[in-house]
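Worksheet: the structure to be examined is printed underneath.
In this text the structure is predicted, and so the values were computed from the model without any measurement. Each chain gets a letter, A, B and so on, in the order its sequence line appears, and its residues count up from 1. Below, all heavy atoms of this structure are taken into account, side chains as well, without hydrogens, waters or symmetry copies.
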Amino acid sequence: MLPLTSHLDLHISKAIQTLFGLENQKIELQPTRKEFKGSHTLVTFGLAKQTCQSPDQTALKIGEYLKNENLIQDFEVVKGFLNLTLPNNIWQGAFLEALQNLNFGNNPKKNEKILVEYCSPNTNKPIHLGHLRNIFLGWSLCQILDADGYDVTKCILVNDRGIHICKSMLAYQKYGNDETPQSSKLKGDHLIGKYYVMFSNLHKDYLKKQVEEGKLSQEDAEKPNATSPILQEAQIMLQKWEQGDKETLALWQKMNDWVLDGFKETYKNIGVGFDKWYFESNTYILGKEIVEEGVKNGIFYKKDDNSVWIDLTSEKLDHKLVQRGDGTSVYITQDMGTADLKYQDFQMKKSVYVVGNEQDYHFKVLFAIFKKFNRAYAEGSYHLSYGMVELPSGKMKSREGKVVDADDMVAEMINIAKEKTAESGKLENLKKLGETELNHIDNMIGLGAIKYFLLKVDAKKTMLFNPEESLEFDGDASPYIQYNHARIKTILRRAESENIGFEVKDFQNYLDWHNTEHELLQLLLQFPNVIAEASKTYSPYIVAQFCYEIAKMYSKFFFDCSIFKAHNEEARAFRLALSALTGNILKKAMLLLGIDVPEMM
RNA sequence: UGCUAAGUAGCAUAAUGGAUAAUGCAAAAGUUUCCGAAGCUUUAUAUAGCGGUUCGAUUCCGCUCUUAGCAACCA
């Protein structure tokens with residue numbers, strides 16, 4: 001994560017070779033803790049074993065060597081740690097480079113295709129907070145991979161067929177009275193969601209009644225395979241759908257269009273998009289072809305009831321059904337088809353699936369199947385598994401209506417942002433911008449708050465969302481970072497209006513930096529490494545953390561180092577240039593999270 | 001019962017095997033001479049338990065405990 005490491009690595013290697021005659025030693029460099037002097041720390045414990053000298057001795061010798069060669073300005077040995085201080089002109093060189101490189105942070109093109117599927121909504125209910133974590137993670141990941149030099153394709157897989165879809169269709173067919181999004185004034189996805197919940201209730205009510213009448217035990221009613229007349233009807237509907245029944249297909253098409261319109265509206269509102277849309281209603285047929293292929297070449301086997309299975313016990317997994325006895329396909333069948341289609345379309349080397357950790361087992365099985373079939377994409381397939389978003393009352397269950405709706409959530413956050421803006425008493429200044437621009441800012445702040453809240457946590461961890469306490473606007477939160485960007489822009493506007501220049505020539509002789517100036521610069525120069533790290537580990541939270549650190553460090557810098565009242569013009573110019581770089585990096589880094597930052601707020 | 005994750009202060013989150021375990025919220029005190037204080041500076045509390053590997057373990061290994069998910073012809 002350290003800047004200028006390649007610069008040091010080389011010299012340290014040479015020092016070790018010269019001093020101890022050791023080659024190809026692992027150089028363990030880490031950032032120096034801030035309570036010590038220096039920027040880079042060499043850990044010498046491992047090395048000390050090779051040199052047969054104490055860690056302190058080893059560190060001391062290397063330090064002296066580097067200093068004699070004028071490669072460092074100073075060093076300090078503390079308990080086996082060699083803390084190095086580089087001369088400021090080296091830092092300045094890196095600073096100027098970053099300042100002049102408009103793409104600073106981006107890593108070189110890798111010429112490698114990567115496909116990321118980061119949204120797979122069911123067309124039977126609106127999206128909720130959990131889906132938002134999925135979507136924001138995926139979008140951010142795509143931005144990060146792109147900045148790291150990959151050739152990224154963002155895709156969505158719409159789960160638009162299957163028994164669950166038939167459930168809402170059936171409820172609508174029975175009780176919908178031809179209601180439409182227009183007539184009900186509901187967004188399409190919310191309208192369909194209503195019928196999905198209705199189906200669920202009808203099914204549950206039936207079971208409850210059976211139990212009350214003593215026809216069914218409580219235990220059996222709670223089993224997942226407990227059936228009801230309406231569920232059987234839905235199953236029949238699914239068969240009709242797969243057989244291409246005209247009436248069923250027409251209803252399906254109509255309802256799907258409503259839902260998709262609703263989804264598209266939401267995606268637009270939250271600022272995400274896709275390069276390629278896949279629909280399971282298209283890909284499941286391909287899946288069935290693979291099933292046939294697998295049966296032929298012996299990877300799959302058929303049971304007496306005609307259902308098709310794969311034996312994965314050799315992979316320490318179980319037997320898994322890939323096609324039902326009645327010939328209809330299951331989830332995994334569709335995924336096999338979709339994977340083939342993706343490869344046909346893009347020939348990507350890597351393929352990432354951003355899907356919740358409840359499906360960890362599913363993806364193990366799926367990838368094992370890819371390998372059995374020797375698919376070209378088998379090796380590069382990766383499941384980016386994220387933890388569930390829990391409410392204080394427990395897990396969200398869409399079937400029980402126990403969810404935080406995404407659209408409501410976003411709208412509410414934007415409203416809170418509006419109130420905060422009004423409270424801050426700065427409305428007068430902002431009003432000059434006009435209503436549209438003001439709304440735009442509130443949008444950035446409200447949306448940013450949710451995105452940051454969901455992204456700052458390591459994806460694999462289950463996270464808790466407490467609606468009572470709402471989302472944060474203070475401290476480690478997006479508005480704080482956005483605010484720092486806005487204040488930087490305000491400072492730069494002032495410099496411009498007062499004709500204060502901060503070109504390289506205006507500060508190149510200023511090297512007597514304040515400690516905080518140095519720390520801020522060090523932090524900023526980590527940007528490319530941060531992107532590489534976040535990309536390598538598929539971890540947007542690393543970028544989120546980086547944004548926050550910059551904002552915090554800039555606040556400290558602003559407090560410690562007066563800009564317009566700097567002790568001389570060179571210092572002032574340097575600080576303005578440093579502010580400009582901070583602003584640029586903040587903006588870019590936040591965009592990697594899918595968060596836009598305002599020019600003023 | 002098996003498999004997989006995860007257990008860090010009142011709460012929410014950090015820490016390539018490294019130095020005194022970091023940050024935010026909530027709590028206490030102070031702070032507005034450059035930008036718009038959504039700020040800045042202080043103050044308290046924590047690695048679930050027991051072993052092992054190591055110069056050194058929050059991190060790796062084993063066992064125990066707790067929680068969640070999976071083990072469905074749900075997705």
Side-chain angles (χ1 to χ4, degrees), chain A residues 1 28-30 32-33 35-36 41 43 45-46 48-49 54-55 78-81 83 120 122 124 159 162-165 223-225 235 305 307-309 316-318 320-326 328-332 334 355-362 364 385 387-388 390 394-395 398-399 417 420-421 423-426 429-430 445 453 456-458 460-466 469 472-484 486-495 533 537 541-542 545 548-549 551-552 555-556 558-566 572 575 579 600-601:
Chain A
M1 296 284 272
E28 239 187 298
L29 274 178
Q30 56 182 256
T32 304
R33 289 199 152 225
E35 57 266 36
F36 300 104
T41 293
V43 184
F45 297 97
K49 277 187 187 160
S54 73
V78 184
K79 289 194 280 186
F81 294 91
N83 299 330
S120 38
N122 294 335
N124 62 353
N159 199 316
I163 186 71
H164 53 295
I165 306 299
K223 280 189 181 162
N225 59 358
Q235 280 155 349
D305 64 356
S307 59
V308 181
W309 297 72
K316 290 189 176 172
L317 299 165
D318 225 328
K320 175 79 182 177
L321 176 110
V322 294
Q323 187 170 290
R324 296 189 185 100
D326 64 4
T328 56
S329 58
V330 290
Y331 191 50
I332 205 149
Q334 290 143 198
V355 181
N357 65 9
E358 56 194 349
Q359 291 186 36
D360 284 355
Y361 183 76
H362 169 82
K364 268 190 192 163
S385 163
M388 301 289 103
E390 288 185 351
K395 199 189 164 185
S398 47
R399 257 164 280 188
K420 282 259 184 181
T421 306
E423 264 174 35
S424 74
K426 311 293 159 27
N429 281 333
L430 290 169
I445 297 173
F453 183 86
K456 75 172 175 177
V457 181
D458 189 352
K460 67 171 180 276
K461 290 201 172 178
T462 302
M463 64 181 294
L464 184 81
F465 172 73
N466 190 337
E469 290 171 15
E472 293 170 45
F473 277 75
D474 302 312
D476 183 6
S478 160
Y480 169 65
I481 300 165
Q482 290 171 319
Y483 159 75
N484 273 287
R487 84 200 292 203
I488 287 169
K489 288 295 176 175
T490 306
I491 290 164
L492 296 180
R493 275 194 300 272
R494 177 177 160 183
E533 179 73 14
T537 58
Y541 84 94
I542 292 176
Q545 235 170 287
Y548 179 59
E549 276 169 30
K552 221 170 28 162
S555 284
K556 189 163 183 273
F558 188 82
F559 181 83
D560 289 344
C561 307
S562 188
I563 296 174
F564 291 105
K565 294 188 178 175
R572 186 181 63 184
R575 287 167 189 176
S579 297
M600 56 172 74
M601 67 186 272

Quiz prompt | Residues forming a salt bridge (charged side-chain N to carboxylate O under 4.0 Å, His left out) with A/Arg493, sequence neighbours excluded | solution = none

What closest approach, in Å, do [X] and [Y] show between heavy atoms, and which atom pair accounts for it?
X: A/Ser385; Y: A/Gly356; value: OG-C, 4.3 Å
X: A/Arg575; Y: A/Ser562; value: NH1-O, 2.7 Å
X: A/Tyr480; Y: A/Ser555; value: OH-OG, 3.4 Å
X: A/Met601; Y: A/Pro479; value: CE-O, 3.7 Å
X: A/Val78; Y: A/Phe36; value: CG1-CE2, 3.9 Å
X: A/Gln323; Y: A/Val330; value: N-CG2, 4.4 Å

When the distance from [atom1] of [X] to [atom2] of [N] is rounded to whole Å, what number comes out?
X: A/Gln30; N: B/A22; atom1: CD; atom2: C1'; answer: 15 Å
X: A/Ile491; N: B/G36; atom1: CD1; atom2: P; answer: 9 Å
X: A/Asp476; N: B/A14; atom1: CG; atom2: C1'; answer: 9 Å
X: A/Gln235; N: B/A75; atom1: CD; atom2: P; answer: 11 Å
X: A/Leu492; N: B/G36; atom1: CG; atom2: C1'; answer: 15 Å
X: A/Tyr331; N: B/A71; atom1: OH; atom2: P; answer: 12 Å
X: A/Arg33; N: B/A14; atom1: CZ; atom2: C1'; answer: 12 Å
X: A/Phe559; N: B/G39; atom1: CZ; atom2: C1'; answer: 10 Å

What nucleotide among [options] has an atom nearest to a side-chain atom of [X]?
X: A/Lys556; options: B/C70, B/U41, B/C55; answer: B/U41
X: A/Arg324; options: B/A38, B/U20, B/C73; answer: B/C73
X: A/Tyr548; options: B/G24, B/A37, B/A14; answer: B/G24
X: A/Phe45; options: B/A38, B/C55, B/C40; answer: B/C55
X: A/Lys565; options: B/U33, B/A37, B/A38; answer: B/U33
X: A/Asp318; options: B/C74, B/A71, B/G36; answer: B/A71
X: A/Lys49; options: B/U54, B/A19, B/G36; answer: B/U54
X: A/Lys552; options: B/U16, B/G36, B/U23; answer: B/U23
X: A/Phe473; options: B/A38, B/C70, B/A19; answer: B/A38

With a 4.0 Å cutoff (strictly under), does any side-chain N or O of [X] reach OP1 or OP2 of [N]?
X: A/Tyr480; N: B/C40; value: yes
X: A/Tyr541; N: B/A15; value: yes
X: A/Lys79; N: B/U20; value: yes
X: A/Arg494; N: B/C35; value: yes
X: A/Tyr483; N: B/G39; value: no

Quote, to the nearest angstrom, the [atom1] distance that separates [N] from [M].
N: B/U45; M: B/A57; atom1: C1'; answer: 23 Å
N: B/G2; M: B/U13; atom1: P; answer: 29 Å
N: B/U16; M: B/A12; atom1: C1'; answer: 25 Å
N: B/U43; M: B/A26; atom1: C1'; answer: 15 Å
N: B/C73; M: B/U66; atom1: C1'; answer: 34 Å
N: B/A44; M: B/A22; atom1: P; answer: 11 Å
N: B/U20; M: B/A38; atom1: C1'; answer: 32 Å
N: B/U58; M: B/U1; atom1: C1'; answer: 31 Å

Quiz prompt | Along RNA chain B (nearest heavy atom to each residue), the more 5'-positioned of A/Asn484 and A/Asn83 | solution = A/Asn83

Quiz prompt | Residue whose nearest RNA chain B nucleotide is more 5′ - A/Gln334 or A/Leu464 | solution =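 The answer here is A/Leu464.
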
Quiz prompt | Residue pair A/Thr41, A/Arg33: steps toward the side-chain hydrogen bond (donor to acceptor under 3.5 Å, both in side chains) verdict | solution = CA-CA 8 Å; A/Thr41 293; A/Arg33 289 199 152 225; over 6 Å; no

Exercise. Please tell me if the side chains of A/Tyr541 and A/Lys461 come closer than 4.5 Å, counting only heavy atoms from C-beta onward.
Key: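 A/Tyr541 vs A/Lys461: side chains apart.
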
Exercise. State the dot-bracket string of RNA chain B. Criteria: Watson-Crick or G-U wobble, both atom distances under 3.5 angstrom; notation: ( ) intrastrand, [ ] crossing earlier pairs, | interstrand, . unpaired.
Key: (((((((..((((....[...)))).(((((.......)))))....(((((..]....))))))))))))....

Practice problem: Look up atom NZ in A/Lys552 and atom CD1 in A/Ile481, then write down how far apart they are to the nearest 0.5 Å. | Solution: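 One gets 10.5 Å once the value is rounded to the nearest 0.5 Å.
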
Sugar-phosphate only, base, or nothing, as touched by [X] at under 4.0 Å among non-hydrogen atoms:
X: A/Glu549; value: nothing
X: A/Thr490; value: sugar-phosphate
X: A/Ser555; value: sugar-phosphate
X: A/Val43; value: base
X: A/Asn159; value: sugar-phosphate
X: A/Gln323; value: nothing
X: A/Ile163; value: sugar-phosphate

Quiz item: B/C73 base to A/Asp305 side chain: any donor-acceptor pair below 3.5 Å?
Solution: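 Checked by distance alone, the answer is yes.
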
Quiz item: Could one point to a donor on the side chain of A/Ser120 or the base of B/A75 with an acceptor on the other under 3.5 Å away?
Solution: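 Side chain to base: no pair present.
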
Practice problem: Between protein and nucleotides 1-8 of chain B, map the contacts as a letter string: B base, S sugar-phosphate only, - none, heavy atoms under 4.0 Å, written 5' to 3'. | Solution: ---S-SS-

Exercise. Determine, answering yes or no, if A/Phe81 is stacked on B/A19 under the 5.5 Å centre rule and the 30° plane rule.
Key: yes

Quiz item: Between A/Tyr548 and A/Lys456, is a side-chain contact (heavy atoms from CB on, under 4.5 Å) present by the stated rule, with each step listed?
Solution: CA-CA 10 Å; A/Tyr548 179 59; A/Lys456 75 172 175 177; over 6 Å; no

Quiz prompt | Ring geometry between A/Phe45 and A/Phe81 (parallel below 30°, tilted from 30 to 60°, perpendicular above 60°) | solution = perpendicular

Quiz prompt | side-chain contact (heavy atoms from CB on, under 4.5 Å) evaluation trace for A/Ile163 with A/Gln235 | solution = CA-CA 6 Å; A/Ile163 186 71; A/Gln235 280 155 349; 3.6 Å; yes

